[in-house]
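Working notes, beginning with the structure itself.
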Amino acid sequence: MGRSGSPPRRSAPLSSGVTLNVTTSTLSLTVADVDASRDFFRTHLGYEVVMAAEGFVSLSRGDAAADIVLLRSGSEVLPPEQRDQQAAGLILALTVSGIEAEERRLAAAGAPITMPLREEPWGERLFQLTDPNGVVVQLVEWATPDAAVAEDAPDAATDAAAGAAAGAATGAATGVSDAVDAGAVVDTPDVVDTPDVVGAAAAVDTVAVVDLPGGPGIPALSVITPTDENVTASPNARMTGLAAPSRGSAELSTWTVEMAAGQTGPEHVISREQVWTVTAGALEVSCGAVTEKVEAGRTLVLAPGVVRRIHAPEAAEAHVAMRADGVASVPGTDGTRALPWAR
């Protein structure tokens with residue numbers, strides 16, 4: 001996941017000339033439902049309320065974890081230009097010990113684990129939760145302190161570079177990783193119901209690693225084999241993630257969509273251009289008063305910011321490509337949502 005957590009570090013002095021004395025670290029999040037996020041952090045992560053008011057909660061722990069402030073979207077305490085901003089691509093990473101036990105505890109408590117426990121080649125072990133407002137929390141444990149700090153070793157550096165190119169999610173936001181309202185996941189043909197997100201891992205074979213303009217150790221060629229862990233199923237569609245930042249791609253995301261005959265997604269907007277190639281059956285795509293039937297073998301380009309609805313008059317399959325930072329929104333609701341299969 002691109003080193004979202006912090007590996008064990010040797011103590012080091014501040015940079016020359018820096019006199020800043022940091023006593024507390026606080027992460028301030030603007031969310032639609034303050035109470036929902038408050039309950040999530042208290043129930044699952046042991047945070048306690050230290051201060052609260054209408055549309056505002058301050059949370060803290062007794063250890064070194066960052067304090068959290070939750071502010072309701074539109075709050076007048078924020079400058080006007082910040083009142084409706086939401087965190088995009090944010091991951092709150094907490095380094096813990098006994099990560100397997102933590103995953104078991106949270107699963108037993110019904111916590112929303114949106115990425116199961118995994119281990120990266122450079123020694124980072126992690127899993128993710130997503131709160132009701134879309135805030136992604138990542139719990140991290142480093143497999144061996146010696147491997148985690150040996151960043152100057154050639155093999156570790158190569159693994160870290162490849163992991164960073166294939167990793168920084170999602171959203172952080174995988175994970176989402178946007179901090180949004182409690183509305184459910186929206187996908188291009190999806191519904192406003194929480195889908196069954198099986199996972200975000202994929203089998204990525206790095207065929208060659210060379211020094212490219214993007215940096216040393218960037219894979220020149222990666223072969224991605226989708227597995228069941230890459231499938232997101234909703235009541236109206238089934239998405240299989242292919243290339244994505246967490247699966248070998250640095251800039252673009254691609255995935256396949258399967259829809260049964262008669263399935264229809266909600267009206268929604270995507271922030272980035274999408275290219276749809278129908279590979280089987282047909283899809284009807286509506287933008288305002290215009291509806292276009294796209295049959296197998298044809299390609300549709302959907303502009304960013306356009307309200308659209310996808311309907312399958314017959315069983316259909318399609319291949320979709322988009323810039324990896326695209327997010328979805330539903331007209332009439334607040335906030336945006338990352339597409340898990342594209343992170």
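What's counted below: heavy atoms across the whole structure, side chains too, no hydrogens, waters or symmetry copies.
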Pair [X] + [Y]: basic N to acidic O under 4.0 Å:
X: E120; Y: R118; value: yes
X: E54; Y: R72; value: yes
X: R298; Y: E292; value: yes
X: E284; Y: K293; value: no

**OP:** Under the side-chain hydrogen bond (donor to acceptor under 3.5 Å, both in side chains) rule, collect the residues that match up with R42, sequence neighbours excluded.
**Re:**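 Scan of R42 (side-chain hydrogen bond (donor to acceptor under 3.5 Å, both in side chains), adjacent residues dropped) gives none.
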Original post:
So T254 and V320, side-chain contact (heavy atoms from CB on, under 4.5 Å) or not? Walk me through it.
Top reply: CA-CA 5 Å; T254 63; V320 188; over 6 Å; no
Does any part of the side chain of [Y], heavy atoms only, come nearer than 4.5 Å to the side chain of [X], both counted from C-beta?
X: V34; Y: F56; answer: no
X: I270; Y: L302; answer: no
X: M322; Y: V275; answer: no
X: W255; Y: P226; answer: no
X: T95; Y: E141; answer: no
X: R323; Y: E251; answer: no
X: I310; Y: M259; answer: yes
X: I68; Y: L29; answer: yes

Distance-minimising heavy-atom pair for [X] and [Y]:
X: A312; Y: A260; value: CB-O, 3.6 Å
X: S37; Y: V31; value: OG-CG1, 4.2 Å
X: M115; Y: F127; value: O-CB, 3.2 Å
X: V327; Y: A338; value: CG1-CA, 4.2 Å
X: G326; Y: S271; value: CA-OG, 3.4 Å
X: V269; Y: P331; value: CG2-CG, 4.5 Å

What is the distance from atom [atom1] of [X] to atom [atom2] of [Y], rounded to the nearest 0.5 Å?
X: R238; Y: W341; atom1: CZ; atom2: CH2; result: 13.0 Å
X: L92; Y: Q138; atom1: CG; atom2: CD; result: 9.5 Å
X: R38; Y: F40; atom1: CZ; atom2: CZ; result: 14.0 Å
X: S73; Y: Q82; atom1: OG; atom2: CD; result: 12.5 Å
X: D325; Y: S253; atom1: CG; atom2: OG; result: 8.5 Å
X: L129; Y: E103; atom1: CG; atom2: CD; result: 9.0 Å

Pairs under 3.5 angstrom only: tabulate donor-acceptor contacts from the side chains of residues 44-53 to other protein residues two or more places apart or in another chain.
unit_1	atom_1	unit_2	atom_2	d
Y47	OH	A66	O	2.8

Without swapping roles, check the side chain of [X] against the backbone of [Y] for a donor-acceptor pair under 3.5 Å.
X: D131; Y: N133; value: yes
X: T240; Y: T256; value: no
X: R308; Y: A303; value: yes
X: T43; Y: D39; value: yes
X: R343; Y: A324; value: yes

Original post:
Can you list the steps and then say if V278 with L300 is a side-chain contact (heavy atoms from CB on, under 4.5 Å)?
Top reply: CA-CA 8 Å; V278 179; L300 172 74; over 6 Å; no
**OP:** Could you please spell out the steps behind the side-chain contact (heavy atoms from CB on, under 4.5 Å) verdict for S58 and D67?
**Re:** CA-CA 7 Å; S58 177; D67 291 347; 5.6 Å; no
**OP:** Carefully, step by step, assess I99 and L117 under the rule side-chain contact (heavy atoms from CB on, under 4.5 Å).
**Re:** CA-CA 8 Å; I99 198 166; L117 181 64; 3.9 Å; yes
Original post:
Any side-chain donor-acceptor pair under 3.5 Å between T299 and T277?
Top reply: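 Checked: T299/T277 side chains pair up, N/O donor to acceptor below 3.5 Å.
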